[in-house]
Amino acid sequence: KFYRVSIIPISNKLNFQDKAFSNILNSAIISVLNFTENYRYVDEEIEKYYIYNAMQLAQKIGDQDFENFLKNIIDIHSKENPGIDIYISGYYLENKNNTQLNIRILAANNIHSVIKLEIPEHSIESMRLISEKIFLALEPNNAQGLDNLNTSFSLTRNFESYKLYLEGKEEKRKKTIY
């Protein structure tokens, strides 16, 4: 069976307007799903429409309130988009020294997995660690998929390049005859 996965954008809990790292995290999760056997990403326009706006209301609430808020959003989203099996969402907090991630994987309004992770910096190694944790939460027995995921990170050692790749940007070199 294939599970349809919807990503409710992961946001900066204290500064919702900061979407740079949020976009990288969301892209990384979509990339992880490409290495799984049973999960497929579903791109829903409604996420971009009202969930981003709704997340602004939850930017400074505690963990317990965030759980309730997330369940309410998923309940509304499920009614408007039947057939979504898994939701992935969460938030992050950036400090001077590190970034704390709190990612939820929810199946039918029940928490399937909670990933709490602290990364010292935004780097390829930290993105590999985040991706590996999400992959293992979804498919703990898929050794081949995990190997392929880790191999993909060894191909890019530059975080800036990886960031641009995740954002879908590609630099084209232009040359003149001179």
Side-chain angles (χ1 to χ4, degrees), residues 5-36 39 41 47-48 50-75 77 84 86-140 145-146 149-150 152-154 156-169:
V5 179
S6 181
I7 298 171
I8 297 174
I10 294 170
S11 64
N12 185 328
K13 191 172 181 183
L14 299 179
N15 180 7
F16 182 77
Q17 300 305 319
D18 175 26
K19 292 189 174 125
F21 190 54
S22 176
N23 290 338
I24 292 168
L25 284 172
N26 295 325
S27 297
I29 293 170
I30 294 168
S31 297
V32 167
L33 295 173
N34 290 329
F35 293 97
T36 64
Y39 298 88
Y41 172 63
E47 292 168 3
K48 296 171 186 77
Y50 79 89
I51 292 177
Y52 264 130
N53 295 330
M55 290 298 272
Q56 290 183 47
L57 301 173
Q59 55 184 307
K60 292 186 179 179
I61 58 180
D63 283 352
Q64 192 65 37
D65 291 331
F66 181 81
E67 290 292 343
N68 293 331
F69 171 80
L70 194 56
K71 286 178 182 175
N72 289 336
I73 290 295
I74 287 172
D75 187 44
H77 193 263
I84 304 293
I86 304 284
Y87 291 89
I88 299 177
S89 190
Y91 61 85
Y92 63 94
L93 293 166
E94 289 184 303
N95 299 323
K96 288 181 184 177
N97 302 327
N98 59 34
T99 301
Q100 297 173 349
L101 289 159
N102 194 313
I103 299 172
R104 309 288 205 264
I105 300 173
L106 300 105
N109 231 357
N110 296 320
I111 295 179
H112 175 68
S113 184
V114 176
I115 300 168
K116 290 188 178 189
L117 191 61
E118 193 171 296
I119 56 173
E121 61 182 332
H122 299 169
S123 65
I124 286 293
E125 186 56 31
S126 63
M127 293 308 294
R128 185 198 62 74
L129 182 62
I130 294 164
S131 298
E132 186 177 282
K133 295 272 186 194
I134 293 169
F135 182 88
L136 289 172
L138 292 171
E139 290 193 342
L146 184 59
L149 176 67
N150 287 330
S152 73
F153 278 100
S154 67
T156 305
R157 299 201 186 278
N158 183 320
F159 181 71
E160 289 302 314
S161 297
Y162 185 66
K163 178 177 146 187
L164 292 171
Y165 162 73
L166 287 176
E167 293 173 357
K169 295 179 181 172

Got a donor-acceptor contact below 3.5 angstrom from the Tyr41 side chain to the Leu33 backbone?
no
query = Within the distance-only criterion (no hydrogens, no angle test), does the side chain of Ser126 pair as donor or acceptor with the backbone N or O of Glu121 below 3.5 angstrom?
reply = yes
Residues at least two apart in sequence or cross-chain that pass side-chain contact (heavy atoms from CB on, under 4.5 Å) with Asn34, listed by chain then number, are none
Apply side-chain contact (heavy atoms from CB on, under 4.5 Å) to Ser27 and list each qualifying residue two or more places apart in sequence or on a separate chain.
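Only Leu166 meet the side-chain contact (heavy atoms from CB on, under 4.5 Å) criterion with Ser27.
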Nearest 0.5 angstrom please: [X] [atom1] to [Y] [atom2], how far?
| X | Y | atom1 | atom2 | result |
| --- | --- | --- | --- | --- |
| Ile88 | Ser6 | CD1 | OG | 9.0 Å |
| Ser131 | Ile30 | OG | CD1 | 11.5 Å |
| Glu125 | Ile119 | CD | CD1 | 11.0 Å |
| Leu146 | Glu132 | CG | CD | 5.0 Å |
| Ile130 | Leu117 | CD1 | CG | 6.0 Å |

### Message
Looking at every heavy atom in both Ile115 and Lys133, which two are closest together, and how far apart are they?
### Response
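Scanning both residues, the minimum pair turns out to be CD1-O, 3.7 Å.
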>> Does any part of the side chain of Ile29, heavy atoms only, come nearer than 4.5 Å to the side chain of Ile10, both counted from C-beta?
In response: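 Heavy-atom side-chain distance check passes, below 4.5 Å.
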Quiz item: Can you check whether Leu25 reaches Leu101 side chain to side chain, under 4.5 Å on heavy atoms?
Solution: yes
*Do Asn12 and Tyr92 pass the side chain to side chain contact (heavy atoms under 4.5 Å, CB included) test, and can you show the C-alpha distance, the side-chain angles, and the key distance before you say yes or no?*
CA-CA 5 Å; Asn12 185 328; Tyr92 63 94; 3.5 Å; yes
